[in-house]
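Everything on this sheet refers to the single structure shown next.
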Amino acid sequence: MSVAVTGATGFLGLHLVRELLRHHNRVLLLSRRNTVPAEERVTRFLQASGVTDTRLLELTPRLTSVDIDVRVPQLGLGDAAFQQLADRIDVLWHCAGNISFSDCDEDVWRTNVDGMRHVLALVSAGRREPLVCHVSTVAVAGGRRHGTVREEELDASHGFQTLYERSKYEAEVLLRRWVRLHGGRAAVFRPSGLITHHPTYPGRPRHLLQMAAEACAAGLRMFPELAAPDGSLRVPAAEGAQTNMLPVEHAAFAMVEAVRRRPPRDIDTYHVVNSRNTPMTEVAAAIAGHLDTPEVHLDPRPGPPVSPAVQAVSREFGMYTRWLQVTRRYDDTNLAALGLSYPGRPTVDRDYLRDCLR
């Protein structure tokens with residue numbers, strides 16, 4: 001069986017490749033051209049993950065790569081190369097995506113929506129009938145702040161807070177239409193915020209919590225008046241604000257196992273989430289410790305008018321501040337029905353989150 005992965009050198013993509021190597025003799029890496037070849041980036045990740053040199057000698061010959069660009073027709077390949085690639089794929093893990101929260105970054109749409117369109121053209125062009133495993137996100141729930149989001153839902157009625165959310169929603173719409181019109185098979189995975197406590201290394205893609213901490217640090221540099229005289233911060237937040245974060249190792253394991261245990265007949269959707277949300281107070285405490293800020297107070301009380309500094313931060317780092325207004329949860333019935341349990345899954349609390357920021 002020929003298995004290919006787009007976005008194979010991204011944060012989740014690297015972990016998916018490691019899981020896929022446990023079950024498949026060869027994995028084809030589909031990624032954008034880089035000065036460092038994809039095989040080398042995957043090898044660097046495997047080394048950092050503790051894979052022994054002996055095991056690396058076994059694994060690296062099983063990796064091959066093709067440089068592509070999902071943003072353009074035929075993935076940037078010529079007619080012959082595109083057809084040759086289409087003819088060799090049995091399973092395509094579509095993990096490539098732009099996770100920028102900017103509302104003026106047209107590359108988000110080109111990567112996430114046009115990219116889906118071009119990937120579907122690939123799987124429709126070959127001799128085989130590939131299974132498409134698409135990495136979406138719980139963010140397709142868009143502006144919905146409260147309640148429980150069901151796996152079967154794909155609902156735009158709440159609107160979207162960012163172009164990223166809308167683009168991932170539209171990508172799912174395209175995939176569902178392809179399944180319906182072409183009789184294709186697909187598994188849609190919607191992970192929540194993926195993080196890891198494993199040490200970073202040069203060149204490793206950043207995870208969500210690291211990006212949030214960097215945004216907080218940047219906000220304090222730009223608007224030092226945010227801090228009280230004692231150095232603490234008071235931030236407006238919804239009562240009971242919470243988020244969902246999951247170790248990326250568990251997410252990759254669950255996604256690969258779900259396809260192995262229950263190959264879809266048409267389309268299956270899975271929320272790849274933690275069974276327990278993490279209070280934003282825990283996230284704030286972890287980031288405060290990382291930034292050496294005495295304390296962060298999440299204040300749900302309707303106090304005095306929001307200060308100009310807080311308003312400016314909300315404009316500059318809107319997606320991160322909007323997290324503080326969310327209490328929604330995610331149904332994970334389909335994944336839970338498979339009885340998946342990742343060995344040693346940690347509790348995502350402030351101690352674990354602090355480890356993720358080291």
Side-chain angles (χ1 to χ4, degrees), residues 1-71 75-77 81 84-85 88-99 111-112 115 119 122-123 130-135 187 189 191 194-208 210-211 246-260 272 342-343 356:
M1 179 181 293
S2 176
V3 179
V5 185
T6 70
T9 57
F11 179 63
L12 173 59
L14 289 166
H15 289 83
L16 277 175
V17 169
R18 183 177 64 183
E19 288 297 324
L20 290 168
L21 284 170
R22 300 183 195 275
H23 308 290
H24 300 282
N25 290 329
R26 301 191 71 80
V27 175
L28 177 60
L29 314 175
L30 304 178
S31 59
R32 293 176 65 175
R33 185 179 299 276
N34 190 287
T35 53
V36 181
E39 293 98 329
E40 185 174 333
R41 282 179 279 167
V42 171
T43 299
R44 185 184 301 170
F45 162 73
L46 293 174
Q47 288 175 316
S49 301
V51 176
T52 66
D53 291 342
T54 301
R55 181 64 173 154
L56 279 174
L57 289 175
E58 299 173 3
L59 293 178
T60 51
R62 293 160 52 190
L63 298 170
T64 55
S65 67
V66 175
D67 291 333
I68 65 164
D69 187 344
V70 298
R71 301 172 301 175
L75 308 180
L77 305 171
Q84 183 181 33
L85 178 60
R88 66 188 290 196
I89 296 175
D90 293 300
V91 180
L92 177 65
W93 286 83
H94 181 39
C95 195
N98 185 324
I99 62 171
T111 302
N112 298 347
V119 162
L122 175 73
V123 297
L131 166 64
V132 177
C133 301
H134 170 53
V135 179
F189 295 99
L194 300 181
I195 53 180
T196 185
H197 72 293
H198 290 294
T200 190
Y201 61 87
R204 190 190 78 180
R206 296 172 302 162
H207 59 70
L208 185 66
Q210 290 173 318
M211 291 188 283
L246 184 69
V248 66
E249 299 83 8
H250 173 76
F253 167 81
M255 291 160 65
V256 171
E257 277 297 303
V259 173
R260 278 170 34 82
V272 186
Y342 181 77
C356 292

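Start at 1 with the first residue, then count along the sequence.
- Residues satisfying the side-chain contact (heavy atoms from CB on, under 4.5 Å) test with Leu46, not counting sequence neighbours, are Arg18, Leu21, Val42, Val51, Leu56, Leu59.
- Within the structure, salt bridge (charged side-chain N to carboxylate O under 4.0 Å, His left out) pairs that include any residue of residues 4-14 do not occur (at least two apart or interchain).
- Qualifying salt bridge (Lys or Arg N to Asp or Glu O under 4.0 Å) partners for Arg55, counting only residues two or more places apart in sequence or in other chains: Glu58.
- Scanning for side chain to side chain donor-acceptor pair (under 3.5 Å) contacts around Thr9 gives Arg41, with sequence neighbours left out.
- Side-chain contact check for Leu12 versus Met255: some heavy-atom pair is nearer than 4.5 Å.
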**Request:** Report the C-alpha distance between Met211 and Ile99 in whole Å, list the side-chain angles of each, state the deciding distance to 0.1 Å, and finish with yes or no for side chain to side chain contact (heavy atoms under 4.5 Å, CB included).
**Result:** CA-CA 11 Å; Met211 291 188 283; Ile99 62 171; 3.5 Å; yes

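- Under the 4.5 Å side-chain criterion, counting only non-hydrogen atoms from C-beta, Pro191 is not in contact with Leu246.
- Annotation: ring pair (Phe, Tyr, Trp, His ring centres under 6.0 Å) contacts of Phe11 (sequence neighbours excluded): His15, His207.
- His134 pairs by the side chain to side chain donor-acceptor pair (under 3.5 Å) definition with nothing, not counting sequence neighbours.
- By the 4.5 Å heavy-atom criterion applied to side chains, Glu19 and Arg260 are not counted as neighbours.
- The side chain to side chain donor-acceptor pair (under 3.5 Å) test applied to Ser65 returns Glu39, not counting sequence neighbours.
- Shortest non-hydrogen contact noted between Thr6 and Cys95 is OG1-N, 2.9 Å.
- Contact of the Thr111 side chain with the Val70 side chain is registered, since non-hydrogen atoms from C-beta on lie closer than 4.5 Å.
- Put simply, CG on Leu122 and CD1 on Ile89 are 4.5 Å apart, with the number rounded to the nearest 0.5 Å.
- In this view, Ala8 and Val5, Val17, Leu29 satisfy the side-chain contact (heavy atoms from CB on, under 4.5 Å) rule, not counting sequence neighbours.
- With sequence neighbours excluded, no residue forms a salt bridge (Lys or Arg N to Asp or Glu O under 4.0 Å) with Arg88.
- Applying the salt bridge (Lys or Arg N to Asp or Glu O under 4.0 Å) rule to Arg26 yields no partners; only residues at least two apart in sequence or on another chain are considered.
- With rounding to the nearest 0.5 Å, the separation of CD1 in Ile68 from CZ in Arg32 is 10.0 Å.
- In this structure, Leu30 and Leu85 have side chains that are in contact, with non-hydrogen atoms separated by less than 4.5 Å.
- Annotation: the span from Asp53 atom CG to Gln47 atom CD amounts to 6.5 Å, rounded to 0.5 Å.
- For the atom pair CG of Leu20 and CG of Leu63, the computed distance is 10.5 Å after rounding to the nearest 0.5 Å.
- When side chains are defined from C-beta on, Val27 does not count as touching Trp93, because their heavy atoms never get closer than 4.5 Å.
- Between the side chain of Asn112 and the backbone N or O of Gly97, no donor-acceptor pair lies under 3.5 Å.
- Legend: residues meeting side chain to side chain donor-acceptor pair (under 3.5 Å) with Arg71, ordered by chain and number and at least two apart, are Asp69, Asp107.
- Side-chain atoms of Thr196 never come within 3.5 Å of backbone atoms of Val248 as a donor-acceptor pair (strictly under, hydrogens ignored).
- Two residues are said to be in side-chain contact when any heavy atoms from C-beta on lie closer than 4.5 Å; His198 and Glu249 meet this criterion.
- For Glu40, the side-chain contact (heavy atoms from CB on, under 4.5 Å) test picks out Val36, Pro37, Arg44, with sequence neighbours left out.
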